[in-house]
Amino acid sequence: MNKKNMMMVSAAAAVLLTAGMASPALAATSDAAQQAEIDALKQQIQILNDRLNAQEARQAAVEAQASQATATAEAAQVKAAQVDTIPAQVKTAVADNTPKPTKSWADDTKISGRMYYNISHIEQESNGNKVAPTGTGFDIKRFYVGIDHKFNDAYSANITTDMNYVSNDGETQVYLKKAYLQAKFSDALTLRLGSADLPWVPFAEDAYGYRFIENEVVDRVKFGTSADWGVHASGKVGMVSYAAAVINGNGYKNPTRSGSVDFEGRVSTNIQNVILGAGIYSGKLGKAVEGVTTYHTATRWNALAAYKTDTFRIGAEYFIADNWTRVTSTTGDKADGWSVFGSYNFMPNMSAFARYDSVNPSKDINSALDDQYYNIGVSWTPVKIVDFALVYKHDAVDGGTLGTSNGTIGGSTDGTYDEIGLFGQLRW
């Protein structure tokens, strides 16, 4: 009962009390009249009580309705939240009950490729006379297709095919350049068994950056090759990278056995933009076969230094070789050579480049034999996987002949090789 109602009841009670305590004059009033007044007051008090009870009942009903409405709203919110989770529950249930696709062999297999090509004009002279391959045409110098398969995080395998044109039979031959099983135990040790990249030539090619135009100097004058059959190890410890190979020595085109194995190794480092490397080769070059006497061991020492940024690169390579062509000869010989190269990116996808090589292929037996080579050009990379270059190449051999990546150049006195054209590479 609220404060106002209590005051009304108290007032009525006070009236009754006052009537009971009335003065003697009032007591003289007839009993019937007094009783009628008392009954009238009691009736009024009862009416007030009934009204108060009715008001309290109505208030309780309103409060109950409000409480019910609140409970109903809260229940509706809970149901709405439950409904919102139904799509996610259905999606999860469907995913859990959908059969998982079986992983296939092809999911861990990658296929890559690279092609070196050119459209050019060649003029080659020997002793002042033009000789083959003088002329204009389209040529594919290299076309590699590689297949890499990963068995797990440690073991993988690679097969890379190559091709070349054989003038003797007029046919293009496809052969294996690389075929190996790889085990990577850590960043410090990776082993490859089979035909794989050798330590020096691929390293020097990467520092040079324009392999699609010309082989690096050691490979260009045939005092080394890029791959061979054997056991290969590589890795990185701190800032020092290394590579070592125990190989047949014949190169990747000739996996025949010999009486001994050769060794090639390299240590290198990249210090910010500086590239430094040193290498060694020692062996019989696969010539120690039954019935053949070998008198010398072929050795080669290599060194390279380069500075490379996003804008330009500049570098130099040097080699010394002993008895590289004299393993089965009684007399020995020495050779050396150097190469300087550079490029400048004058636009985001265009660069100018140049290179100069100087080689003494026979310092003891034919000291007059001398090779001077250079190239110069501009390259354009329209997309990441395509390069084009307008190039001029010149090679001059004095004092005899020399086998190079562009064929045999020279003559009894001298010879030259000039080529100009559009060179390119495509890779994926």
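For the residue pair S351/S379, the side-chain donor-acceptor check at 3.5 Å is satisfied. A donor atom on one side chain and an acceptor atom on the other are not found under 3.5 Å apart for T325 and K222. Of the N and O atoms on the side chains of N158 and S156, not one donor lies less than 3.5 Å from an acceptor on the other residue. Using a 3.5 Å distance cut-off with no hydrogens or angles, the side chains of T309 and N273 do not pair a donor with an acceptor. A side-chain donor from one of K284 and T297 sits under 3.5 Å from a side-chain acceptor of the other. Inspection of the E216 and S339 side chains reveals no N or O donor paired with an N or O acceptor under 3.5 Å. Side-chain N/O atoms of Y116 and D139 include no donor and acceptor closer than 3.5 Å. With no hydrogens or angles considered, a side-chain donor-acceptor pair links N406 and E214 at under 3.5 Å.
Within the 4.5 Å cutoff, no side-chain heavy atoms of R192 are placed close to those of K178. Looking at heavy atoms from C-beta onward, L390 lies out of side-chain contact with W380 at the 4.5 angstrom threshold. In this structure, the side chains of I147 and T109 come closer than 4.5 Å at one or more pairs of heavy atoms. At least one side-chain heavy atom of T190 sits under 4.5 Å from a side-chain heavy atom of Q182. Side-chain atoms of H232 and I247, non-hydrogen and from C-beta on, do get closer than 4.5 Å to each other. Inter-residue side-chain proximity for V217 and W338 is flagged as unmet; no heavy-atom pair is nearer than 4.5 Å. Proximity of F346 to V378: side-chain heavy atoms (C-beta onward) are separated by under 4.5 Å at one or more points. The shortest distance between side-chain heavy atoms of N375 and F423 does not fall below 4.5 Å.
Because its NZ or CZ atom is not both nearer than 6.0 Å to the ring centre of Y210 and within 45° of the ring axis, R355 does not count as a cation-pi partner of that residue.
Atom CD1 of I376 sits about 11.0 Å away from atom CD1 of I213, to the nearest 0.5 Å. Between Q372 atom CD and Y356 atom OH the span is 3.5 Å, to the nearest 0.5 Å. One finds the OG1 atom of T416 at 10.0 Å from the NZ atom of K130 (value rounded to the nearest 0.5 Å). The distance from atom CG of D108 to atom CG of D148, rounded to the nearest 0.5 Å, is 11.5 Å. Remark: K177 NZ to S226 OG distance equals 3.0 Å, nearest 0.5 Å. Considering OG of S234 and CG of L191, their distance stands at 8.0 Å, rounded to 0.5 Å.
In this structure, the side chain of S258 engages the main chain of S260 through a donor-acceptor pair within 3.5 Å. N118 places no side-chain N or O within donor-acceptor distance of the main-chain N or O of G421, the cut-off being under 3.5 Å. Of the possible donor and acceptor atoms, one in the side chain of N127 sits under 3.5 Å from a partner among the backbone N and O of S412. A donor-acceptor pair under 3.5 Å is absent between the side-chain atoms of T294 and the main chain of A288, judged by distance alone. Judged by distance alone, the side chain of N345 and the main-chain N or O of D310 form a donor-acceptor pair under 3.5 Å. Remark: side-chain polar atoms of H296 are paired, donor with acceptor, to backbone N or O of T330 under 3.5 angstrom.
Around NZ of K253, the count of heavy atoms belonging to other residues, nucleotides or ligands within 6.0 Å exceeds 12. Surrounding CZ of F151 are more than 12 heavy atoms belonging to other residues, nucleotides or ligands, all under 6.0 Å away. Counted within 6.0 Å of CD1 on I314, heavy atoms from surrounding residues, nucleotides or ligands total 12 or fewer; the atom is thus considered open. When the shell of 6.0 Å around CG of N152 is examined, it contains more than 12 heavy atoms from other residues, nucleotides or ligands.
Ring-plane geometry between Y117 and F138 is classed as parallel, the angle between the planes falling under 30 degrees on a 0 to 90 degree scale with a further cut at 60. The aromatic rings of H394 and Y374 sit tilted relative to each other, their planes meeting at an angle between 30° and 60°. Taking the six-membered ring for Trp and thresholds of 30 and 60 degrees, Y175 and Y252 have nearly parallel ring planes, at less than 30 degrees apart.
Results of the salt bridge (Lys or Arg N to Asp or Glu O under 4.0 Å) test with K363 over D333, D336, D322 single out D336 as the only residue that passes.
With salt bridges taken as basic N to acidic carboxylate O contacts below 4.0 Å, one links D387 and R427. K393 and D395 are not joined by a salt bridge, as no carboxylate oxygen comes within less than 4.0 angstrom of a charged side-chain nitrogen. Taking 4.0 Å as the cut-off between side-chain N and carboxylate O, R220 and D371 count as a salt-bridged pair.
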